[in-house]
**Q** 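Before I ask anything, here is the structure I am working with.
Count residues from 1 along the sequence.
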Amino acid sequence: MGFSLESTIALANGVQMPRFGLGTYKSNEGRQVYDAVTFALDAGYRSIDTASLYGNERSIGAALGASGVCREDVFLTSKVWNNEQGYDQTLAALDASLERLDTTYLDLYLVHWPIKRLLQPTWRAMEDALGQGKVRAIGVCNFMQHHLEALLEVAEVAPMLDQYELHPWLQQPSLRRFCKSNGIAVEAWAPLMRGRVGEVPELVGIADQHGVSPAQVSLRWLLQSDVVVIPKSVHAERIRANAGALDFLLSQAETAAIDSLDRGERLGRDPDDLAWNS
């Protein structure tokens with residue numbers, strides 16, 4: 001099962017999305033995120049993930065513009081934040097993100113967290129943005145199965161991707177099966193367990209067998225599970241090293257060993273606690 005930085009998955013509407021990209025959560029606006037995006041593009045990355053919440057879209061747009069890489073060759077994702085949801089607010093938030101990123105369209109636009117009372121108008125805005133060509137694909141973040149079921153009841157266009165916390169300690173296999181059965185691609189945030197992959201003896205052992213890092217093992221496991229990954233880093237050497245996850249293969253026994261590590265342990269917020277009933 002070979003992968004490269006050019007490897008893609010097909011979203012439900014046929015849009016091709018890179019399997020491997022750069023996450024920019026907590027990458028600061030200004031030189032830090034500008035350099036991170038520059039390092040990534042120089043290393044061959046062609047997918048950049050951001051959000052209005054991150055406050056770094058303007059510097060990402062500047063880095064993309066200065067890179068010399070054609071806009072059409074970069075898959076750019078952003079997200080609408082909780083206080084921007086609702087029909088008119090979502091469309092306004094999208095326009096603001098486009099202005100900050102200095103682009104006329106996004107490749108993927110996501111609802112950042114599920115909010116029950118705003119679900120229908122927010123999603124209608126997402127569908128209209130898709131129809132207007134301002135975005136090439138639409139999806140969600142942090143939606144569990146009951147959130148997706150509620151959305152599918154009111155959606156004319158189903159979400160094409162769900163980005164949620166996914167790593168060896170939080171695997172949520174039933175959610176992954178639900179997404180697969182409904183044609184929803186899965187993307188992992190915190191794929192490196194917020195830096196804690198080195199605390200997992202099984203990952204360390206497998207990494208030693210391959211001469212790689214525990215971070216690369218976690219990323220490779222997700223890739224072989226048909227999950228899109230967007231590891232975050234602001235360091236050139238780590239950005240290059242993360243892409244080394246594309247260069248080796250885990251055996252069935254090794255993937256089974258990682259599958260057995262699931263503890264149902266969140267490192268981030270529970271979606272129901274953060275926003276669903278707000």
Side-chain angles (χ1 to χ4, degrees), residues 20-27 49-55 77-83 85 110-119 122 139-151 159 161-182 184-204 206-207 213-233 242 245 255-278:
F20 199 100
L22 179 73
T24 63
Y25 177 55
K26 292 190 175 178
S27 297
D49 179 274
T50 185
S52 62
L53 173 72
Y54 302 170
T77 300
S78 194
K79 311 175 189 78
V80 57
W81 183 238
N82 299 345
N83 64 6
Q85 291 193 38
L110 305 175
V111 179
H112 209 147
W113 291 87
I115 299 177
K116 185 185 298 184
R117 64 184 175 83
L118 295 174
L119 189 64
T122 298
V140 295
C141 289
N142 304 299
F143 275 54
M144 303 298 96
Q145 181 170 333
H146 59 288
H147 307 134
L148 290 171
E149 289 171 340
L151 177 55
L161 178 138
D162 190 3
Q163 180 190 120
Y164 56 86
E165 184 180 352
L166 179 54
H167 47 71
W169 282 352
L170 184 68
Q171 299 184 24
Q172 305 185 83
S174 63
L175 178 56
R176 288 162 66 186
R177 287 192 297 270
F178 181 85
C179 287
K180 184 175 182 178
S181 68
N182 285 277
I184 301 170
V186 172
E187 183 175 34
W189 66 256
L192 304 182
M193 299 170 55
R194 293 188 166 171
R196 298 181 65 183
V197 284
E199 301 174 18
V200 184
E202 293 85 353
L203 297 181
V204 174
I206 294 170
S213 69
Q216 290 168 325
V217 169
S218 183
L219 292 170
R220 184 70 201 192
W221 167 72
L222 287 163
L223 287 167
Q224 288 185 210
S225 302
D226 210 27
V227 174
V228 177
V229 295
I230 45 168
K232 176 258 179 178
S233 180
N242 285 339
T255 57
I258 300 171
D259 289 345
S260 72
L261 299 176
D262 191 10
R263 310 197 313 198
E265 181 174 335
R266 291 188 181 277
L267 303 178
R269 295 288 298 275
D270 185 304
D272 282 329
D273 293 343
L274 179 64
W276 180 238
N277 294 309
S278 64

**Q** With rounding to the nearest 0.5 angstrom, report the CG to CH2 distance, L261 to W169.
**A** 9.0 Å
**Q** Within a strict 4.5 Å, meaning less than it, do heavy atoms of the V186 and L161 side chains meet?
**A**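 They are not in contact (no side-chain heavy atoms under 4.5 Å apart), so the answer is no.
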**Q** Checking R194 side chain against L267 main chain: does a donor-acceptor pair fall under 3.5 Å?
**A** yes
**Q** If you compare all heavy atoms of W189 against all heavy atoms of N142, which two are closest, and at what distance to 0.1 Å?
**A** NE1-OD1, 2.7 Å
**Q** Only pairs at least two apart or in different chains count here, so list each salt bridge (Lys or Arg N to Asp or Glu O under 4.0 Å) that has a residue in residues 164-179.
**A** none
**Q** Can you list everything that forms a side-chain hydrogen bond (donor to acceptor under 3.5 Å, both in side chains) with Y164? Sequence neighbours excluded, please.
**A** none
**Q** Starting at CG of L203, measure out to NE2 of H167 and round the result to the nearest 0.5 Å.
**A**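 Separation between the atoms: 11.5 Å.
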**Q** Over all heavy atoms of both residues, which pair between P168 and W221 is shortest? Give the atoms and the distance, please.
**A**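 Nearest heavy atoms, P168 then W221: N-CZ3, 3.6 Å.
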**Q** Atom CD1 in I230, atom OG1 in T50: separation rounded to 0.5 Å?
**A** 10.0 Å
**Q** Pairs in or reaching into residues 195-204: which pass salt bridge (Lys or Arg N to Asp or Glu O under 4.0 Å), with residues at least two apart or in two chains?
**A**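 Qualifying pairs: R196-E199.
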**Q** What closest approach, in Å, do C141 and P114 show between heavy atoms, and which atom pair accounts for it?
**A** O-CD, 3.9 Å
**Q** Not counting sequence neighbours, which residues clear side-chain contact (heavy atoms from CB on, under 4.5 Å) with A188? List them please.
**A** L166, P191, L222, V227
**Q** Verify, without hydrogens or angle tests, whether T122 (side chain) and L119 (backbone) share a donor-acceptor contact under 3.5 angstrom.
**A**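 Looks like no, no N/O pair under 3.5 Å.
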**Q** Just wondering, do P271 and R266 contact through their side chains at under 4.5 Å, heavy atoms?
**A**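 Touching, per the 4.5 Å side-chain cut-off.
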**Q** When you compare the side chain of M193 with that of E265, does any pair of heavy atoms fall below 4.5 Å?
**A**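 Not in contact.
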**Q** Taking salt bridge (charged side-chain N to carboxylate O under 4.0 Å, His left out) as the test, write out the residues that go with D259, two or more places apart.
**A**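 With sequence neighbours excluded, D259 shows a salt bridge (charged side-chain N to carboxylate O under 4.0 Å, His left out) to no residue whatsoever.
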**Q** Which residues satisfy the side-chain hydrogen bond (donor to acceptor under 3.5 Å, both in side chains) test with S233, sequence neighbours excluded?
**A**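 Here no residue qualifies.
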**Q** Are any of the side-chain heavy atoms of V140 and W113 separated by less than 4.5 Å?
**A** no
**Q** Measuring from D273:CG to D270:CG, what's the distance to the nearest 0.5 Å?
**A**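 Output value for this atom pair is 4.5 Å.
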**Q** Can you name the residues that form a side-chain contact (heavy atoms from CB on, under 4.5 Å) with I184, not counting sequence neighbours?
**A** L148, P159, D162, C179, N182
**Q** Could you grab the distance from atom CD of Q145 to atom OG of S174, nearest 0.5 Å is fine?
**A**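 Separation between the atoms: 6.0 Å.
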**Q** Which residues pass the side-chain hydrogen bond (donor to acceptor under 3.5 Å, both in side chains) test with Q216, not counting sequence neighbours?
**A** S213
**Q** Tell me whether the rings of Y54 and Y25 are parallel (<30°), tilted (30 to 60°) or perpendicular (>60°).
**A**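 The rings of Y54 and Y25 sit tilted, inter-plane angle from 30° to 60°.
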**Q** Looking at side-chain heavy atoms only, is the closest gap between L170 and R263 below 4.5 Å?
**A**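 Side chain of L170 against side chain of R263, heavy atoms only: no contact under 4.5 Å found.
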**Q** Minimum heavy-atom separation for S260 and A257, please, with both atom names.
**A**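 Looking at all heavy atoms of both residues, the closest pair is OG-O, 2.6 Å.
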**Q** Just so I know, are the side chains of K232 and L22 near enough to count as touching, which here means a heavy-atom distance under 4.5 Å?
**A**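 Counting from C-beta outward, K232 and L22 never come under 4.5 Å.
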**Q** Using the salt bridge (charged side-chain N to carboxylate O under 4.0 Å, His left out) criterion, which residues pair with D226? Sequence neighbours excluded.
**A** R19
**Q** Could you pull out all residues at least two apart from R269 that satisfy salt bridge (charged side-chain N to carboxylate O under 4.0 Å, His left out)?
**A**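 For R269 there are no salt bridge (charged side-chain N to carboxylate O under 4.0 Å, His left out) partners, ignoring immediate neighbours.
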**Q** Taking the side chain as C-beta and beyond, is there a heavy-atom pair between F20 and L223 under 4.5 Å?
**A**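 Yes, their side chains come closer than 4.5 Å.
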**Q** What are the two closest heavy atoms between V204 and P214, and how far apart are they?
**A**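 Heavy-atom minimum between the residues: CG2-CG, 3.9 Å.
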**Q** Would you call the rings of H146 and W276 parallel, tilted or perpendicular, where under 30° means parallel and over 60° means perpendicular?
**A** perpendicular
**Q** Listed by chain and number, what are the side-chain hydrogen bond (donor to acceptor under 3.5 Å, both in side chains) partners of K116, not counting sequence neighbours?
**A**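 Counting only residues at least two positions away or on another chain, K116 forms a side-chain hydrogen bond (donor to acceptor under 3.5 Å, both in side chains) with N277.
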**Q** Verify side chain to side chain contact (heavy atoms under 4.5 Å, CB included) between V229 and N242, making sure each step is shown before the conclusion.
**A** CA-CA 10 Å; V229 295; N242 285 339; over 6 Å; no
**Q** Name all residues meeting the salt bridge (charged side-chain N to carboxylate O under 4.0 Å, His left out) criterion together with D49; count only those two or more places apart in sequence or in a different chain, and write none if there are none.
**A**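 By the salt bridge (charged side-chain N to carboxylate O under 4.0 Å, His left out) rule, D49 matches K79.
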**Q** Nearest heavy-atom pair of G21 and P231: which atoms, and what distance?
**A**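 Nearest pair, atom of G21 first, then P231: O-CD, 3.3 Å.
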